[in-house]
Amino acid sequence: MNIIFLVAKRFLISRNLLEGGMINIVSFLGLFIGAASIVLSLAVLNGFQDVLGNETKKIYGDYILLDSDEDFIGSINNNFQYSPFYEEEFFILNNKKQSLVKLKTIFSDKIDNFYDLNRSNDIPINKNDIIIGNSLSERMNISIGDSISIYDTNISINSLTVMKDQQFFVKDIYQNRILRSDEFLVFSVFDEENLPNKLSGIELLGNVDILKEKYSKDKLISWQDRNRQLFDATEIEKKITFFTLFLIIIVASFNLSSSIVQISTKKTREMAILNAFGMNERSMSMIFLVYGYLLSLTAIVCGILSALLIVIMQNQFGFIILNPEFYLIDKLPMEISFKEISILLSFSIIIIGIFVSLPLLLMRKTNPIILINKNI
Amino acid sequence: MILSVKNLKKSYNDGETKLEVLKDISFDLKKGSILTIKGPSGSGKSTLLSLLGTLDTQDSGDIIINDKNLDEYDDFSEIRNNHIGFIFQFHNLISELNVTENVCVPAFISNKAIDHNFLDTLFEYFQLTNKENAFPLDLSGGEKQRVSVMRAIINKPSIIIADEPTGNLDEKNALKLIDLFKKLNKDFGLTFIIATHDNKVFDIGHQKMELSDGKLLNL
């Protein structure tokens with residue numbers, strides 16, 4: 001039997017559970033709450049990041065391939081779907097209200113097969129039909145069936161000094177508030193008899209590993225890279241949250257140091273006995289190191305498990321409800337990241353190691369043998 | 001000889017004065033014998049036992065255990081673990097460990113596999129078979145002292161050092177312990193060094209010495 005682990009365990013869980021004192025309880029609670037808070041906060045941020053990703057992919061796909069040959073993409077026996085598109089900025093005018101929009105022209109069969117626009121109806125879209133976002137329709141008082149004019153941003157004026165325009169019929173309204181896309185992104189379909197000479201790109205959904213070998217990163221761009229600023233902001237938010245909440249663990253680790261000082265002072269007689277029977281100084285220090293790790297890792301693991309239980313319960317039963325008009329979703333999203341849990345555990349192990357070792361360095365200056373000598 | 005002590009000297013600084021506790025102590029001890037030491041309080045008995053048990057270091061002189069001079073060692077923990085067993089006046093059991101764990105502490109420290117047959121024999125020998133899982137707080141004084149004796153011999157050490165082993169026991173338990181020491185010496189050939197005020201304990205010694213004013217006198 002490992003005497004170090006045995007003694008550390010018995011010091012921690014003695015017959016009188018309260019013997020360890022309030023400092024142990026405070027340390028335990030601090031580490032427990034710290035770990036649980038980090039896992040829960042990151043789970044929520046991951047959940048929202050996931051929503052952001054899913055909603056973004058609904059209108060932009062997983063990847064965009066720039067300057068590619070549609071026939072080549074179509075010829076690959078692949079695991080992905082693709083949608084060639086042409087995108088250009090226009091002014092949209094209705095009832096004397098004007099707005100700058102991006103008109104994204106796609107093939108009609110891709111509207112429902114590739115994109116997930118959460119349309120209000122399933123009417124087929126034809127040439128000169130347009131689908132606009134809900135926010136844009138509300139802001140400009142546009143309804144399904146209205147006729148709207150679209151002007152080129154490179155204003156070209158005819159001989160009668162009237163701007164050239166093109167009329168579209170609003171066939172449908174879609175819902176997707178991610179990146180405020182339903183305020184500026186409108187969809188139309190190609191006139192298949194009169195296709196443009198050049199595409200803006202091809203959007204892709206699914207596993208594109210086969211294309212990664214052929215195209216460089218500036219040609220094959222992921223949805224994260226395409227929305228780099230937003231994605232980076234969410235990542236920074238996660239990091240700041242992690243480090244801010246990790247302060248709870250650091251503060252609790254100060255208490256842990258106090259626990260170690262307290263227990264090492266209280267157990268000098270026991271250490272002297274162990275030393276008399278041949279335990280060396282290093283092993284005696286190890287007892288308190290193991291004691292510290294047992295206390296802290298139990299608290300952290302319990303905190304993590306409790307948080308995981310809450311995440312699972314929330315995903316299963318959705319007991320924390322959100323307003324879908326504001327948050328896009330009706331229940332608080334939570335997603336577990338085992339990578340982040342591993343990072344939390346690793347950081348905790350390092351911090352705890354530091355805070356447990358500091359009092360041990362001081363403790364080594366007292367020789368328990370001197371104390372037992374007085375008793376012999 | 002299992003133990004040879006040559007010209008052992010030890011002094012402590014008491015403020016500006018130097019207090020000589022042991023003055024040129026020399027003796028030899030045969031394997032399997034019992035050495036009893038008596039002397040008035042402050043005569044240096046505990047200091048001598050501390051030096052022999054490697055709990056303290058001498059100013060000068062040599063202590064040779066099993067033909068090895070202790071001067072050759074930097075760390076005495078291995079010697080204490082394998083060659084010396086301690087029996088303290090106040091038992092000094094670890095209250096968080098049960099009886100079996102307390103007994104096995106020296107074996108656990110040395111990472112030796114526990115000889116369960118030997119352990120069972122000891123529990124029967126010491127009449128503690130029903131106390132294996134008890135904790136020190138649940139034991140009587142006599143039982144605690146028997147557990148501390150078991151702990152002292154579990155690693156089969158060369159020498160067992162006992163300081164006032166009956167000092168904290170009533171007469172009945174003290175007599176039982178004295179019998180136990182004699183029996184252990186006879187049955188297992190264990191070597192004892194016992195410091196005591198108790199004449200009954202002193203009388204069991206094959207070698208009897210008196211420490212007076214830092215000097216050892218053979219009786």
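- More than 12 heavy atoms of other residues, nucleotides or ligands shown are found within 6.0 angstrom of CG on A/Asp209.
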Please step through side-chain contact (heavy atoms from CB on, under 4.5 Å) for the pair B/Phe135 and A/Arg10, ending with a clear verdict. CA-CA 12 Å; B/Phe135 282 83; A/Arg10 291 295 170 81; 3.9 Å; yes

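- Residues B/Ser77 and A/Asn280 approach most closely at OG-CB, 3.7 Å, considering heavy atoms.
- Residue B/Phe188 qualifies as enclosed at atom CZ: its count of foreign heavy atoms under 6.0 Å is above 12.
- For A/Glu235, the salt bridge (charged side-chain N to carboxylate O under 4.0 Å, His left out) partners are A/Lys238, not counting sequence neighbours.
- For the pair B/Glu96 and A/Lys9, the salt-bridge criterion is not met [side-chain N within less than 4.0 Å of a carboxylate O].
- Heavy-atom pairs under 4.5 Å with chain A were tallied for B/Thr47, B/Leu93, B/Asn155; the largest tally goes to B/Leu93.
- When B/Val105, B/Asn82, B/Ile84, B/Ile109 are compared by the number of non-hydrogen pairs under 4.5 Å with chain A, B/Ile109 comes out ahead.
- Within residues 144-152 of chain B, the residues having any heavy atom less than 4.5 Å from a heavy atom of chain A are, in residue-number order, B/Arg151, B/Ala152.
- A pairwise comparison of heavy atoms in B/Ile94 and A/Glu270 identifies CG2-CG, 3.8 Å as the closest pair.
- Judged as a salt bridge (charged side-chain N to carboxylate O under 4.0 Å, His left out), and not counting sequence neighbours, A/Lys331 has no contacts.
- Nearest heavy atom pair, residue B/Phe88 against residue A/Ala276, reads CZ-CB, 4.0 Å.
- Considering all non-hydrogen atoms of both residues, B/Asn81 and A/Phe277 come closest at ND2-O, 2.9 Å.
- Atom CE of A/Met279 sits about 10.5 Å away from atom OG of B/Ser110, to the nearest 0.5 Å.
- Partners of A/Ser348 under the side-chain contact (heavy atoms from CB on, under 4.5 Å) rule, at least two apart in sequence or in another chain, are A/Phe246, A/Ile249, A/Ile300, A/Leu344, A/Ile352.
- Rounded to the nearest 0.5 angstrom, A/Asn275 CG and B/Arg80 CZ are separated by 5.0 Å.
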